[in-house]
Amino acid sequence: GESVGLHLPTLSVQEGDNSIINCAYSNSASDYFIWYKQESGKGPQFIIDIRSNMDKRQGQRVTVLLNKTVKHLSLQIAATQPGDSAVYFCAETLLGGAQKLVFGQGTRLTINP
Amino acid sequence: NAGVTQTPKFRVLKTGQSMTLLCAQDMNHEYMYWYRQDPGMGLRLIHYSVGEGTTAKGEVPDGYNVSRLKKQNFLLGLESAAPSQTSVYFCASSYAGQGYYSNQPQHFGDGTRLSIL
């Protein structure tokens with residue numbers, strides 16, 4: 001079946017810099033997208049979500065951008081901190097009913113001091 | 001407020017043994033889910049439930065059974081464990097929501113690490 005994929009499996013950035021994590025999705029019918037953060041030994045933690053009727057949504061230090069034309073999703077983290085080190089997953093699903101999330105492979109973000 | 005609690009946290013089984021993983025949530029969520037995560041991969045949906053007494057298959061349901069006898073609990077069973085079922089299992093729950101708010105983020109437990117020899 002169709003699945004969400006990520007362009008880069010690893011990303012290293014300097015502390016204080018901005019990070020951009022990318023995600024490509026293949027199911028054009030998907031209309032709800034979520035970013036999760038997973039720290040070692042923990043379950044995924046919700047970061048931010050976006051519905052297909054939006055192209056940008058901002059949270060605290062995070063911004064998600066959605067480009068439906070090219071089926072691309074990105075997560076921007078401003079002024080990255082050591083605590084941002086984790087694996088980041090994007091996931092897609094259809095609005096309505098139970099969420100049958102399809103996860104990407106994940107990107108490991110490493111913050112260098 | 002504990003959120004989503006999974007029991008046990010670790011388990012080692014021999015091939016052919018059976019076991020049940022327990023998930024409990026205290027947020028009064030209608031929906032509950034079971035996922036597995038293999039090394040270097042994202043999560044894949046095994047089974048899910050939209051309410052007490054209801055279950056449905058996800059992406060990778062073979063070899064697993066589930067039950068939701070109470071709203072707050074969702075059980076995942078392995079009847080005859082196989083080495084291919086070695087994985088980390090995550091449970092999640094979410095509100096059902098209505099209309100525009102019909103999709104609510106899932107809240108995850110910290111997983112059960114299962115090894116099958």
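Here is how names work: the chains are called A, B, and so on, in the same order as the sequence lines, proteins then strands, and each is numbered from 1. Side-chain atoms are counted along with the backbone in the values below, which use heavy atoms only and exclude waters and symmetry mates.
- In terms of hydrophobic clustering, with Ile, Leu, Val, Met, Phe, Trp and Tyr side chains grouped at heavy-atom distances under 4.5 Å, B:Met19 and B:Leu76 are assigned to a common cluster.
- Nearest heavy-atom pair across B:Ala81 and B:Leu13 is CB-CD1, 3.9 Å.
- Using a 4.5 Å cut-off between heavy atoms, B:Gln37 touches chain A through its side chain atoms alone.
- When only modelled atom types and interatomic distance are considered, B:Asp38 and B:Ser87 share a side-chain donor-acceptor pair under 3.5 Å.
- Heavy-atom neighbours of chain A within the stretch residues 55-64 of chain B, taken at a separation under 4.5 angstrom, are nonexistent.
- Residue A:Gln45: no heavy atom, backbone or side chain, is found under 4.5 Å from chain B.
- Of the candidates B:Leu75, B:Leu78, B:Val66, B:Leu78 is the only one forming a side chain to side chain contact (heavy atoms under 4.5 Å, CB included) with B:Leu21.
- Between A:Arg61 and A:Asp84, some side-chain heavy-atom pair lies under the 4.5 Å cut-off.
- No donor-acceptor pair closer than 3.5 Å links the side chain of B:Tyr33 to the backbone N or O of B:Ser94.
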What donor-acceptor contacts under 3.5 angstrom involve side-chain atoms of residues 108-117 of chain B, with partners at least two apart or in another chain?
residue, atom, partner, partner atom, Å
B:Asp110, OD1, A:Gly43, N, 3.1
B:Thr112, OG1, B:Pro8, O, 2.5
B:Arg113, NH1, B:Asp110, O, 3.2
B:Arg113, NH2, A:Gly41, O, 3.3

